[in-house]
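When reading the values below, keep in mind they use all heavy atoms of this one structure, side chains included, and skip hydrogens, waters and symmetry mates.
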Amino acid sequence: MTSNAILVWMSRMAVAMVAICLYSLMAFSASAQEVHTDFECRPDRICRDPATLLPARVLVRPASTVYSEPSRESSAIKSNLPPFRPWYVFDIRDLDLTDPEKPAGWYQIGDTARHRYGWIQAGDVLEWRHALVVSYTPKGIEGDRRTPALMFSDLDRMKSIMGSSNRSDQVTEILAAIERNDSGVDERYGVVMMEPERDLSIETSFYILPVVDFERAAIGERNATYLRLAAAIPETEVGSGRGVTTIRQKDVRDSVTSSETVEGTQATSLNVDIKFVFDMTGSMGPYLDAAKDAVSRLMLTSLSRRDDWLRGAVKFGLVGYNDVPAECGRCPFNTVKNWTSTGLLDGDELERLFGQPSAQAAGGGDLPEAVFEGVNEAINSAWRENAIRIVVLIADAMANPQGPKNHDLNEASVRSNADTNNIFLLTLHIRPREASDLATAEVQFRTLSTNPGQQVEAYFPVPVSRSDPTRGTKIGEAVFTMSDSIATELRRIRGGDGSLVAELREEAAIAGDAGITPGDAGALARETFGAALVKYLGSVAVRPNDLTAWTVDVDPRDPGRRSMEVRVLIEKRDLENIRNAIDNILTALRRARKTESDFFESLQAIITEGTVRSDEGGVSEAAAADLIGAGLLPKWLDSLPYKSAVQRLSKDSFVSMSTGDKLNLERELDAKLRIMRDFFSNSEIWQKLSPRHDDLEAVYAIRLTDLP
């Protein structure tokens with residue numbers, strides 16, 4: 001299997017995530033109806049699910065009370081806990097789940113794994129056996145924008161509408177009723193909440209939508225899943241939640257129907273950070289010179305010295321890359337250099353930087369270059385607060401394949417890192433007619449430029465000929481028009497004009513399926529800025545809170561589009577365990593390759609050496625029949641709603657792999673490891689669900705495809 005085949009396989013798995021998760025959720029639902037829970041509890045420790053070794057957790061229902069003892073006669077510690085936030089279970093008393101509608105018994109709960117808070121009745125909680133949550137997918141800015149998800153109080157009423165032959169008309173009727181502020185939509189249709197019209201991004205406005213029940217469905221000719229979700233917003237203090245948010249409340253209806261406007265945002269102080277990532281090998285000299293000239297023009301026009309406020313609002317970064325030292329003769333630096341690692345620059349400063357000898361293109365070796373390392377450096381370096389973040393990649397050669405020289409990144413993992421950090425990419429692909437790597441480079445660059453909310457990749461091809469003495473002209477013009485377009489739109493936004501999104505939708509509707517043609521670099525940059533703006537303006541959208549409701553994971557009017565993405569709410573400690581596990585697996589793979597020994601024998605040697613420890617802290621004694629059984633991967637990974645190539649790896653399947661397949665597996669794990677290291681060190685993405693949580697208890701909603 002080639003590395004591209006692995007990526008294709010992973011993509012297909014991502015599409016099937018929601019459907020496949022039904023099996024795991026079915027096990028969860030069945031276990032909740034047993035007479036006694038199978039959580040294992042030990043003195044002085046939190047309870048655990050023996051099947052996964054995950055901590056036992058429950059979601060508290062609204063208007064619940066915690067008592068000092070497992071009795072309603074004891075003193076009440078706290079009433080009206082923030083609903084549907086995860087709590088750890090420390091002990092269980094007299095639990096009887098014979099009647100799921102009227103459960104009996106008690107759970108002792110705590111907001112951290114170290115602190116027991118009190119006792120709560122079984123009827124006031126929902127057991128949450130999986131860390132599965134969902135997030136909304138981007139709606140898009142073009143004419144075929146996705147329909148907002150609807151949440152129903154009753155599954156049967158939702159089925160009646162979604163299964164109807166005139167489903168689309170009924171959904172349109174419901175949306176119109178909500179739009180006109182009709183307070184009776186809950187009574188007539190059973191709708192209790194609607195996804196906001198503004199894009200609600202889990203990266204910029206963290207929320208928790210745990211899956212607590214499900215049912216398979218067929219909507220039109222598409223497979224879908226009805227999901228019963230709980231909705232919660234982490235707060236800094238216990239009991240400080242806003243309370244239930246439903247469509248019955250006029251302020252909620254007003255908020256969820258509000259489209260992208262600057263109202264309620266910090267738009268008047270919005271900034272834009274643009275980081276140029278340049279191939280700095282010798283062939284790029286004319287294009288680097290052209291970019292410098294473009295910046296000079298910007299300073300005289302769009303970012304003129306008369307607009308000091310705008311010059312301060314637009315800042316620039318510069319990252320250069322070439323090839324690895326062994327392949328890059330006379331290169332001025334090794335692999336990657338970030339001239340703005342300590343801070344971004346204004347246009348004058350960037351212009352001066354371009355003139356320094358260290359920032360000139362020089363040297364070069366074979367065709368592939370360190371593209372991924374350069375882009376990832378830009379992503380992971382400093383950005384400003386309240387800024388739209390854009391990376392402009394300017395390159396004429398494909399990225400290093402995942403081979404012996406650089407095998408710790410690929411286009412998919414770098415794109416995932418960009419999404420996590422709320423970064424949008426524009427790629428200017430210089431396409432020399434003589435180059436042999438055009439097709440490979442285009443696939444890589446298009447993947448890097450697949451920004452959330454854009455139907456068309458932010459990819460701009462520039463055909464050139466190396467024999468043409470004016471070959472830098474087109475790139476200079478593209479750099480100028482892109483930057484000028486972004487600066488122009490920022491001037492409008494900071495002036496209170498938020499009409500860009502509506503204009504882009506109208507333009508897309510007129511253009512039809514073709515959308516904006518890639519021949520116009522300014523229009524492409526404007527659309528990318530618009531997609532980033534949609535995400536920014538959605539940061540003030542109302543988040544569903546304190547309710548349980550039924551929804552469906554596809555667009556109710558267009559079931560071919562997903563409205564929900566399955567994720568795993570993972571603690572930082574768990575990510576560290578997975579990162580260490582991948583390190584150990586790679587050690588075994590490389591040891592086996594170097595000594596020509598058996599991979600699983602190498603795994604067993606690592607276990608024997610005591611480098612791998614089980615979740616309980618002791619050395620695993622399991623036979624190395626597979627990676628989870630050997631203790632090399634956390635046991636809870638086995639409970640997730642998919643099995644990756646790594647998790648499914650057995651002794652027999654490994655033996656049957658070719659040398660190339662084994663090398664591709666190693667490369668894929670390297671890519672995962674690098675991204676997980678980036679996630680672990682990125683303080684912006686981690687959320688604490690309780691003020692008493694330590695750093696390792698902070699959580700992040702990781703995509704399933706980012707796990708090994």
Side-chain angles (χ1 to χ4, degrees), residues 135-142 145-146 196-205 259-262 264-277 302 310 313-317 344 375 378-379 382-393 414-428 448-460 481-495 497-505 507-508 515-516 521-541 684-685:
S135 63
Y136 298 118
T137 62
K139 295 191 190 71
I141 60 173
E142 299 189 2
R145 184 171 162 87
R146 176 175 65 76
E197 281 284 357
R198 299 190 186 199
D199 265 30
L200 183 57
S201 168
I202 197 170
E203 281 83 19
T204 57
S205 300
S259 58
E260 290 85 356
T261 67
V262 298
T265 69
Q266 296 177 278
T268 56
S269 60
L270 180 63
N271 300 312
V272 173
D273 293 346
I274 303 173
K275 292 186 183 180
F276 293 109
V277 177
S302 298
L310 186 58
V314 180
K315 292 281 190 179
F316 298 95
L344 296 164
V375 174
I379 291 171
W383 300 83
R384 289 184 295 173
E385 294 294 326
N386 199 43
I388 285 178
R389 304 171 175 183
I390 296 175
V391 166
V392 179
L393 170 64
V414 175
R415 180 65 250 178
S416 177
N417 196 26
D419 290 341
T420 298
N421 286 275
N422 197 29
I423 291 167
F424 289 71
L425 272 88
L426 280 158
T427 299
L428 294 176
L448 290 174
S449 307
T450 306
N451 296 310
Q454 282 187 269
Q455 300 296 326
V456 178
E457 300 96 338
Y459 169 81
F460 183 70
T481 56
M482 282 182 167
S483 302
D484 177 68
S485 177
I486 292 170
T488 299
E489 295 306 329
L490 179 62
R491 185 183 283 108
R492 291 176 57 189
I493 294 299
R494 289 186 58 143
D497 182 357
S499 60
L500 170 62
V501 177
E503 290 171 3
L504 287 172
R505 287 182 191 152
E507 291 169 7
I516 297 174
L524 190 63
R526 186 168 180 259
E527 182 185 344
T528 300
F529 181 84
L533 183 65
V534 164
K535 199 168 188 179
Y536 169 79
L537 296 177
S539 63
V540 298
E684 291 186 10
I685 68 174

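One distance of note links CG of Leu537 with CG of Leu500; it measures 9.0 Å at 0.5 Å rounding. Rounded to the nearest 0.5 Å, atoms CZ (Arg145) and CD (Glu197) are 6.5 Å apart. Interatomic distance, Glu457 CD to Thr427 OG1, rounded to the nearest 0.5 Å: 10.0 Å. Rounding to the nearest 0.5 Å places CD of Glu527 at 11.0 Å from OG of Ser485. With rounding to the nearest 0.5 Å, the separation of CZ in Arg526 from OG1 in Thr488 is 9.5 Å. Within the model, atoms CG of Asn386 and OG1 of Thr268 stand 8.5 Å from one another, a figure rounded to the nearest 0.5 Å.
Side-chain contact, Arg492 with Ser499: a donor N or O sits under 3.5 Å from an acceptor N or O. A donor atom on one side chain and an acceptor atom on the other are not found under 3.5 Å apart for Asn271 and Arg389. Of the N and O atoms on the side chains of Thr204 and Asn422, not one donor lies less than 3.5 Å from an acceptor on the other residue. Donor-acceptor pairing under 3.5 Å is lacking for the side chains of Thr450 and Arg415.
When all heavy atoms of Leu504 and Gly530 are compared, the pair lying nearest together is CD1-CA, 3.8 Å. Minimum heavy-atom separation, Gln266 to Tyr536: C-OH, 3.1 Å. Of all heavy-atom pairs between Leu270 and Leu490, the closest is O-CD1, 3.5 Å. The heavy-atom pair separating Val277 from Ala378 by the smallest distance is CG2-CB, 3.6 Å. Among all heavy-atom pairs drawn from Lys139 and Pro196, the shortest one is NZ-O, 2.7 Å. Closest of all the heavy-atom pairs between Leu426 and Ser449 is C-OG, 4.5 Å.
Side-chain atoms of Met482 and Phe529, non-hydrogen and from C-beta on, never get closer than 4.5 Å to each other. Using a 4.5 Å heavy-atom cutoff, the side chains of Val540 and Arg198 are in contact. A heavy-atom distance below 4.5 Å is not found between the side chains of Leu524 and Tyr459. With contacts defined as side-chain heavy-atom distances shorter than 4.5 Å, the pair Ser259/Val501 does not qualify. Side-chain contact between Pro452 and Phe424 is present, with at least one heavy-atom pair separated by less than 4.5 Å.
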Margin query: Between Asp419 and Lys535, does the salt bridge (Lys or Arg N to Asp or Glu O under 4.0 Å) criterion hold? Intermediate values first, please.
Written below: CA-CA 11 Å; Asp419 290 341; Lys535 199 168 188 179; 6.0 Å; no
Next item on the list: Show your reasoning for whether side chain to side chain contact (heavy atoms under 4.5 Å, CB included) applies to Ile486 and Val314.
Entry: CA-CA 9 Å; Ile486 292 170; Val314 180; 6.0 Å; no
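Listed for the Thr420 side chain is a donor-acceptor partner under 3.5 Å among the backbone atoms of Ser416.
Scored by the side-chain contact (heavy atoms from CB on, under 4.5 Å) test, Asp273 finds Lys315, Leu344, Trp383, Arg384, Ala387 as partners (sequence neighbours excluded).
Checking Ile379, Val375, Ile390, Asn451 one by one against Ile423, the side chain to side chain contact (heavy atoms under 4.5 Å, CB included) holds for a single residue, Ile379.
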